[in-house]
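These notes concern the structure reproduced below.
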Amino acid sequence: MRVHRMKLAGRPITGHVIETTEDLPAFAAWAKQHREFGFDNETTSLEVYRPDFRLRVSQFSAGDQTWFLPVERHPRFAWYAAQTVRHAKRLYIHNASFDLQVADRHLGVPLAETFPKTIDTGILSRLVDSRARKEGGTGHSLEELTETYIDPIAAKDIKGSVGQQCKELKLKKEDYFREVSIDDEIYQMYSLMDPVLAWVLAKTLLPKVPTSARHLIGYEHEIARICSDISKNGFLLDQPYTAELATRLRQEEEYWLMEIEQEISKLDFIDPEEFNPGSTDQVFEALVYMGHTEFKQTPSGKPQVDDDLLEYLAGNGVYFARAIKEYRKAGKWAGTWPESFLANADEHGRCHANINTLQARTGRMSITGIPAQTLPSGDWMVRRCFLADEGHVMASIDYAAQELRMAAALSGDERMYAAFANGEDLHQITADAAGVTRKVAKMANFLVCYGGGWKALVEQAKIPEAMAKKTIAGFNAAYPGVAKLAKQMTRLAGKQGYIETITGRRLYVDQQRSYSAINYAIQSASRDVTARGLIKADKAGLTSFLRLPIHDEVVASLPLKQAPSLAKEIGECLRTQIRGVDFITDPEVAQRSWGSLYGADI
DNA sequence: TCCCCGAGCGCC
DNA sequence: AAAGGGCGCTCGGGGA
């Protein structure tokens with residue numbers, strides 16, 4: 001046994017490092033005396049389901065005592081870690097979705113057993129203040145929370161020591177946790193402190209959750225458990241198709257690169273060998289040499305070379321612009337999607353998305369790993385990479401105009417309410433009121449919910465100022481209740497610095513942008529509509545069919561024969577009513593691939 | 001060399 | 001009066 005004497009906020013902390021099986025009885029005796037533990041794991045990476053992933057250490061703490069079990073050393077260490085997790089009545093964990101999926105997969109303690117007794121400090125932190133640090137909040141990393149709530153010096157030490165060690169060991173940060181020796185003193189002390197911090201943070205944060213949001217604590221843990229189950233399910237990848245797609249896109253990229261070099265070699269000013277078409281600055285320079293002088297500016301004042309500009313130039317016969325556009329697209333598509341899917345797949349060819357259930361400041365979820373919320377929807381080729389399970393077909397269950405319905409529910413606008421109740425076309429109503437096309441009116445409808453104004457509409461719809469102003473005025477005339485709500489919420493946000501959603505969530509709003517309050521209220525409450533739907537679907541025993549939640553949609557893999565009825569059942573679970581407004585869903589069943597919901601024929 | 005950030009673009 | 005909300009990922013560039 002090795003003992004580390006540490007300090008946190010002036011108080012002594014004793015760290016015990018188990019080295020041999022002879023140390024285990026002391027750990028067992030200590031663990032037996034406690035029912036509440038801070039819990040954490042050190043692993044080789046964050047990708048729990050990759051074949052080369054390993055659990056290295058499990059750490060438990062209670063009060064000022066903390067223990068380090070090097071489970072990679074001996075199966076008995078893992079057994080003791082599993083027993084302690086089982087024996088606990090309460091676990092305090094920072095970002096529990098990760099550690100509990102680790103415990104599920106590598107210690108054999110199922111999510112259904114661990115989640116109900118867990119307090120996740122990541123969840124608490126987001127209920128106290130959902131903002132990232134750069135948005136003016138505390139942030140949500142262990143280091144940031146420690147700095148804010150416990151001990152700034154300890155926080156700095158933690159981060160500093162690992163950073164310094166990386167330099168000393170000549171390791172990149174991403175390699176550190178895999179390569180560092182388990183006997184390393186700094187690694188041990190860093191690891192020993194984490195569960196202590198989770199324990200202290202939990203006790204500190206619990207009373208800081210606003211009263212209105214108290215009831216969300218259990219609810220958010222439930223959602224986190226369901227989404228962990230969905231992550232664990234994984235999404236089957238069509239590996240041959242995906243590999244072929246990646247190759248094809250890289251070939252396209254190569255082709256366009258040669259075309260670009262051709263064009264550049266026509267200029268005397270630039271060496272084609274030196275030219276990098278991925279660099280916005282260099283593309284700008286080349287365009288200037290070619291005689292183009294009109295550029296918009298980016299927010300930081302640099303010349304803007306975006307798709308709009310390239311498209312415009314390509315339309316005017318500038319082949320170089322077209323080549324750059326196609327080159328960019330092919331490279332981005334290959335790298336962001338098919339190649340990353342292949343790299344992410346587990347040994348059964350399944351990709352496990354990492355679902356951050358409270359990522360956005362509005363509480364909206366985000367998904368990494370499979371960046372599911374960013375896949376192209378105008379083209380099926382990327383979604384075609386994913387398949388329903390053997391004997392299954394893909395289904396999508398999405399809400400019809402979820403956010404606009406929320407605008408109706410929150411504002412109580414009679415015209416909007418009636419439009420939904422009677423199945424009228426909301427976009428047409430705005431179009432008629434403003435005397436513009438339905439397409440422009442539709443943009444305006446969404447824009448107003450985003451807190452936007454006529455200027456944004458000019459940009460998006462590419463229409464003259466006067467028409468944009470007329471459209472926004474038309475919207476306000478058609479739905480006066482929404483305009484009134486926007487005004488009210490803006491005023492409230494400006495006055496108290498935050499708003500409270502209909503589910504009780506407190507959302508801080510930047511003073512300079514208090515107009516965004518209405519969007520926060522709509523987006524956040526909409527997120528809770530989907531999240532409540534997930535809970536209902538889970539209670540109905542449908543979680544094993546779910547593959548991804550995507551804002552206002554759930555993607556599922558359903559057994560072929562029961563697919564229509566199961567899709568309908570999921571749809572019923574998601575469906576709800578708020579203040580008399582129906583949140584209806586539209587279940588859709590297609591073929592085997594996700595792409596078949598977007599036009600692919602398989 | 002590593003890390004962070006802005007620009008750009010994909011989605012809801 | 002007007003104010004476009006929320007994400008993830010990649011790349012290049014520049015600072016440490």
Side-chain angles (χ1 to χ4, degrees), chain A residues 130-132 134-135 163 166-167 170-176 276-284 296-310 324-325 327-329 331-337 339-340 353-356 358-379 382-383 398-399 401-404 407 443-444 446-461 468-469 472-473 486-487 490 494 507 509-524 526-527 530 548-553:
Chain A
S130 60
R131 293 171 298 175
K134 63 171 188 284
E135 294 165 337
C166 285
K167 270 185 196 155
K170 294 203 166 72
L171 286 172
K172 284 186 228 165
K173 253 192 180 157
E174 55 170 305
D175 298 328
Y176 173 78
N276 180 353
S279 160
T280 308
D281 292 0
Q282 292 186 32
V283 172
F284 164 71
K296 287 188 193 164
Q297 291 200 337
T298 68
S300 67
K302 288 170 68 171
Q304 187 160 45
V305 187
D306 60 8
D307 237 26
D308 268 4
L309 177 75
L310 295 173
I324 291 287
K325 192 169 171 288
Y327 167 83
R328 279 186 184 177
K329 185 179 165 184
K332 159 105 198 234
W333 280 40
T336 312
W337 297 310
E339 286 171 3
S340 97
N354 178 28
I355 305 170
N356 304 301
L358 281 170
Q359 180 62 28
R361 65 188 289 176
T362 56
R364 245 198 191 180
M365 301 184 190
S366 83
I367 305 182
T368 59
I370 306 174
Q373 291 149 333
T374 72
L375 303 194
S377 61
D379 190 325
V382 173
R383 288 176 203 252
D398 67 339
Y399 288 91
Q402 191 189 47
E403 292 201 339
L404 279 174
M443 288 182 191
F446 286 112
L447 213 56
V448 171
C449 292
Y450 293 160
W454 60 265
K455 276 191 181 172
L457 189 58
V458 169
E459 285 294 310
Q460 191 183 327
K469 285 180 179 167
I472 299 295
K487 218 181 242 175
T490 303
L507 302 177
V509 182
D510 300 349
Q511 295 289 335
Q512 329 78 273
R513 296 193 310 144
S514 40
Y515 60 85
S516 41
I518 185 170
N519 174 250
Y520 286 15
I522 292 172
Q523 192 181 100
S524 188
S526 297
R527 178 276 189 192
T530 307
L548 293 168
I550 310 178
H551 300 316
D552 63 344
E553 175 192 6

Quiz item: Are the side chain of A/Ser516 and the backbone of A/Arg513 linked by a donor-acceptor contact shorter than 3.5 Å?
Solution: yes
Quiz item: Using 4.0 Å as the upper bound for N to carboxylate O, is an ion pair formed by A/Lys302 and A/Asp281?
Solution: yes
Practice problem: Say whether A/Thr530 and A/Gln402, considering side chains only, have a donor N or O and an acceptor N or O under 3.5 Å apart. | Solution: yes
Quiz prompt | Sidechain-backbone polar pair: A/Arg364 side chain, A/Gln523 backbone, donor-acceptor under 3.5 Å | solution = no
Practice problem: May I ask you to verify if any side-chain N or O of A/Ser377 is less than 4.0 angstrom from the OP1 or OP2 atom of B/dG10? | Solution: no
Quiz prompt | A/Gln304 side chain, from C-beta outward: closest of C/dG8, B/dC11, B/dG8 | solution = B/dG8
Quiz item: Whole-Å distance between C/dC11 P and A/Ile324 CD1?
Solution: 15 Å
Exercise. Please tell me which of the listed nucleotides, C/dG4, B/dG8, C/dG5, lies nearest to the side chain of A/Arg513?
Key: C/dG5
Quiz prompt | A/Gln282 side chain, from C-beta outward: closest of C/dC7, C/dG13, C/dG8 | solution = C/dG13
Quiz prompt | Spacing between A/Lys134 atom NZ and C/dG6 atom C1', to the nearest angstrom | solution = 12 Å
Quiz item: How many Å lie between CG on A/Leu375 and C1' on C/dT10, as a whole number?
Solution: 15 Å
Practice problem: Would you indicate what A/Ile367 reaches in the nucleic acid, counting non-hydrogen atoms under 4.0 angstrom: base, sugar-phosphate, or nothing? | Solution: sugar-phosphate
Quiz prompt | C/dA2 OP1/OP2 closer than 4.0 Å to side-chain N/O of A/Trp454 | solution = yes
Quiz item: Taking all non-hydrogen atoms of both residues, which atom of A/Ser514 and which atom of A/Val509 are closest, and how far apart?
Solution: CA-CG1, 3.7 Å
Quiz item: Is the shortest side-chain N/O distance from A/Arg364 to OP1 or OP2 of B/dC12 below 4.0 Å?
Solution: no
Quiz item: Can you tell which of C/dG4, B/dG10, C/dA3 lies closest to the side chain of A/Ala456?
Solution: C/dG4
Quiz item: How many angstroms lie between CE in A/Met443 and CG in A/Leu457, if you round to the nearest 0.5 Å?
Solution: 7.5 Å
Quiz item: When you measure from the side chain of A/Lys172, which nucleotide among B/dG10, C/dG4, B/dC2 comes out closest?
Solution: B/dC2
Quiz item: Which part of the nucleic acid, if any, lies within reach of A/Gly363 when heavy atoms closer than 4.0 Å are counted: base, sugar-phosphate only, or nothing?
Solution: nothing
Practice problem: Select one nucleotide: of B/dC12, B/dG8, C/dG8, the one nearest the side-chain heavy atoms of A/Asp306. | Solution: B/dG8
Quiz item: Does a nitrogen or oxygen in the side chain of A/Gln523 sit under 4.0 Å from OP1 or OP2 of C/dC7?
Solution: no
Self-check item: Under-4.0 Å side-chain N/O to phosphate OP1/OP2 contact, A/Asn276 with C/dC11
Solution: no
Exercise. Using whole Å, report how far NZ of A/Lys329 lies from C1' of B/dG10.
Key: 11 Å
Quiz item: Rounded to the Å, how far apart are A/Gln359 CD and B/dC11 C1'?
Solution: 15 Å
Self-check item: A/Arg328 vs C/dC9: side-chain N/O to OP1/OP2 distance below 4.0 Å
Solution: no
Quiz item: Reckon A/Glu135 touches a base, only the sugar-phosphate, or nothing at all at heavy-atom distances under 4.0 Å?
Solution: sugar-phosphate
Self-check item: Whole-Å distance separating the CH2 atom of A/Trp333 from the P atom of B/dC11
Solution: 7 Å
Quiz item: Can you tell me how far P of B/dC11 sits from CG of A/Asn356, to the nearest Å?
Solution: 21 Å
Quiz item: Looking at A/Ser366, does any N or O in its side chain come under 4.0 Å of the phosphate oxygens OP1/OP2 on C/dG8?
Solution: yes
Quiz item: Is A/Tyr520 near enough to C/dG6 that one of its side-chain N or O atoms lies under 4.0 angstrom from OP1 or OP2?
Solution: yes
Quiz item: Using a cut-off of 4.0 Å on non-hydrogen atoms, how would the nucleic acid contact of A/Val448 be classed: base, sugar-phosphate, or nothing?
Solution: nothing
Quiz item: Which value, rounded to the nearest 0.5 Å, describes the distance between A/Leu375 atom CG and A/Arg383 atom CZ?
Solution: 5.0 Å
Quiz item: Looking across every strand, which nucleic acid part, if any, lies under 4.0 Å from A/Gln402 by heavy atom: base, sugar-phosphate, or nothing?
Solution: nothing
Practice problem: Return the value, rounded to whole Å, for the distance between atom CD of A/Glu459 and atom P of C/dA3. | Solution: 11 Å
Quiz item: Closer than 4.0 Å, any side-chain N/O of A/Tyr399 to the OP1 or OP2 of B/dC12?
Solution: no
Quiz item: B/dG10, C/dG5, C/dG13: which one has an atom nearest the side-chain heavy atoms of A/Tyr515?
Solution: C/dG5
